[in-house]
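These numbers come from the heavy atoms of this one structure, side chains and all, not from hydrogens, waters or symmetry mates. Each chain gets a letter, A, B and so on, in the order its sequence line appears, and its residues count up from 1.
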Number of protein chains: 2
Amino acid sequence: MTVTSVHDPSHREALWELEDAFERGDLISVFGRCTVSYEGRAASDLGAGDRLLVLKPDGAALVHTDEGRQPVNWQPPGSEHRAAVREGRLRVVSTRTSPAETLTVRFSDVHQLSAMAVTGGRDLTLHGSEEDLRTRILERPELVEPGFEPRETERPSSAGPMDVFGVDADGTPVIVELKRRRVGPDAVGQLARYVRALREELGAEGGGGGSDAGDSEESDSRDSDSDADGGGAPTVRGVLVAPSVTDRAAERLADRGFDHVALDPTPEE
Amino acid sequence: MTVTSVHDPSHREALWELEDAFERGDLISVFGRCTVSYEGRAASDLGAGDRLLVLKPDGAALVHTDEGRQPVNWQPPGSEHRAAVREGRLRVVSTRTSPAETLTVRFSDVHQLSAMAVTGGRDLTLHGSEEDLRTRILERPELVEPGFEPRETERPSSAGPMDVFGVDADGTPVIVELKRRRVGPDAVGQLARYVRALREELGAEGGGGGSDAGDSEESDSRDSDSDADGGGAPTVRGVLVAPSVTDRAAERLADRGFDHVALDPTPEE
DNA sequence: TATTCTATCTCGATG
DNA sequence: CATCGAGGTAGAATA
């Protein structure tokens, strides 16, 4: 049988089952009353209570209470689990290095322990991610605007890689920033850095402007005012593609002369 | 007994136990072979495999494989769990609204089902958080620098509340930004926004300068060059308190004339 | 290994 | 309800 399970075991019985399960590489769940302490990147203590301890063969450990999506305490994958009986009580310790951290679970009662050998089915297919959005736009560029032609994805710049780079119907360079969900002002800032970087790049190429284009990501009002269509700086358009934007983000988009295209990562159902 | 547990139940038996456990408000764990599908903020499908399903009385649902700290699929607290047998198979569905999302787990085999009534011990005490760092600095301001006097925490500004605001030995205003761990350039940007906001505020108060101090968070090189000690703008110092900074962040700190104080949230052991 | 960015982030505070 | 920021964020991609 793929599952072993003991109900109200003694602490010693629980220890035997745990060690066997570690040996087999099982996925383990333990119900019991316990205290939990953690020390590592931070430190925490949790008093006695009924909880669910999950131990995975990859080294992950999770302590769950009856509330919340997050475990109340945990240990990341790559940790090592050990179990022992001390003073007649089951104790499970999970440790890892870099950073050094330790999770200790001390049981006063073990109510139920189960272990299962896990096989197969690790291939999750997720739809509706930012990559889906990129795919969708490359297949149907007119969703951005009529006449838009994608030229490159992940085009490098001094401000990092742009999501999509292309030209509009007039041949003007367009930088498209993709977000799979509603965005705040930070996304506009990101787009602004790309636009500024490309303006400097094209300016340097065509005429006088920006030197080696290094670090100053946050200065934007150097060649102020004539942002939208070319004074001294070359024209580069910025388009933010996202399902929606916050009010602040909309203000900033308007300030910068950028456009927003409302688009979901998945076709409307 | 606080725990009920069935080994290799029929799908109908599993359903009965589940419904009883829902009724009692138990914390539930189910081992079994299943497929999982999610639809809501995104969409995903997961083929057949052995997994652990955790159902919480607060509505949270977690599907764990043998790897990773994160569940492969989940539903947040506030969802509603329902169970049924369809075509002879146990099916668990967890739904919530706003946003509308649904998690469906279809079992081909149920290996083990346990349910426990959970009591007590929800009071986690965590040490080493950003708040600990703030407390530590307020108690020992000299850790920032000799002569530093904290005046306010969470002082409001047009760029949001500052972590700690005070004055240095010369009476110069100092903005302190706290981070509990190693920081990148983003934290410097955050600090820069506070400093700029306060300069505008003080400038408007004292003399001519900045108008209504609204949105343009990312322009910084307006009164360039004489940043560090007063040209036209009033002098405001920025100090970043964190255990360490990345190279990029260090460059930016130097550019802005800001200081870095290396400090952990907890006293060295 | 270290850094950067995304996430069905989660979670809490706040307007 | 939306927004904002912290997190022992986790996890992936990248240099």
| Are any of the side-chain nitrogens in A/E177 or A/K179 under 4.0 Å away from the carboxylate oxygens of its partner? | yes

| message | Between B/G184 and A/S98, which residue's closest nucleotide on DNA chain C lies nearer the 5′ terminus? | response | A/S98

| remark: Output for pair (A/R252 CZ, A/L240 CG), nearest 0.5 Å, gives 12.0 Å

| Quick one: how far along DNA chain C does chain A reach, first to last nucleotide 5' to 3', anything under 4.0 Å to a heavy atom? | C/dT6 to C/dC11

| query | Say you pick atom P in D/dG11 and the same atom in C/dC11; how far apart are they, in whole Å? | reply | 15 Å

| query | If the C1' atom of D/dG7 is compared with that of C/dT6, how far apart are they to the nearest Å? | reply | 15 Å

| Salt-bridge present (A/D66, B/R122; N to O < 4.0 Å) | yes

| said: Out of the candidates B/E101, B/H81, B/E80, only one should pair with B/S94 under the side-chain hydrogen bond (donor to acceptor under 3.5 Å, both in side chains) rule; please name it. | reply: B/H81

| Salt bridge between B/R134 and B/E154, side-chain N to carboxylate O under 4.0 Å? | yes

| request: Report yes or no: is the cationic atom of B/R151 (NZ for Lys, CZ for Arg) closer than 6.0 Å to the six-membered ring centre of B/F165, at no more than 45° off its axis? | output: no

| query | Using atom P of each nucleotide, how far apart are C/dT8 and C/dT4 to the nearest Å? | reply | 22 Å

| remark: In B/S/- notation (B base, S sugar-phosphate only, - none; protein heavy atoms under 4.0 Å), nucleotides 5-15 of chain D written 5' to 3' is -SSBBSS----

| task | Answer yes or no: is there an ion pair linking B/R136 with B/E130, defined by an N-O contact shorter than 4.0 Å? | result | no

| task | Answer yes when B/K56 and A/E67 have at least one side-chain N-carboxylate O distance shorter than 4.0 Å, and no when they do not. | result | no

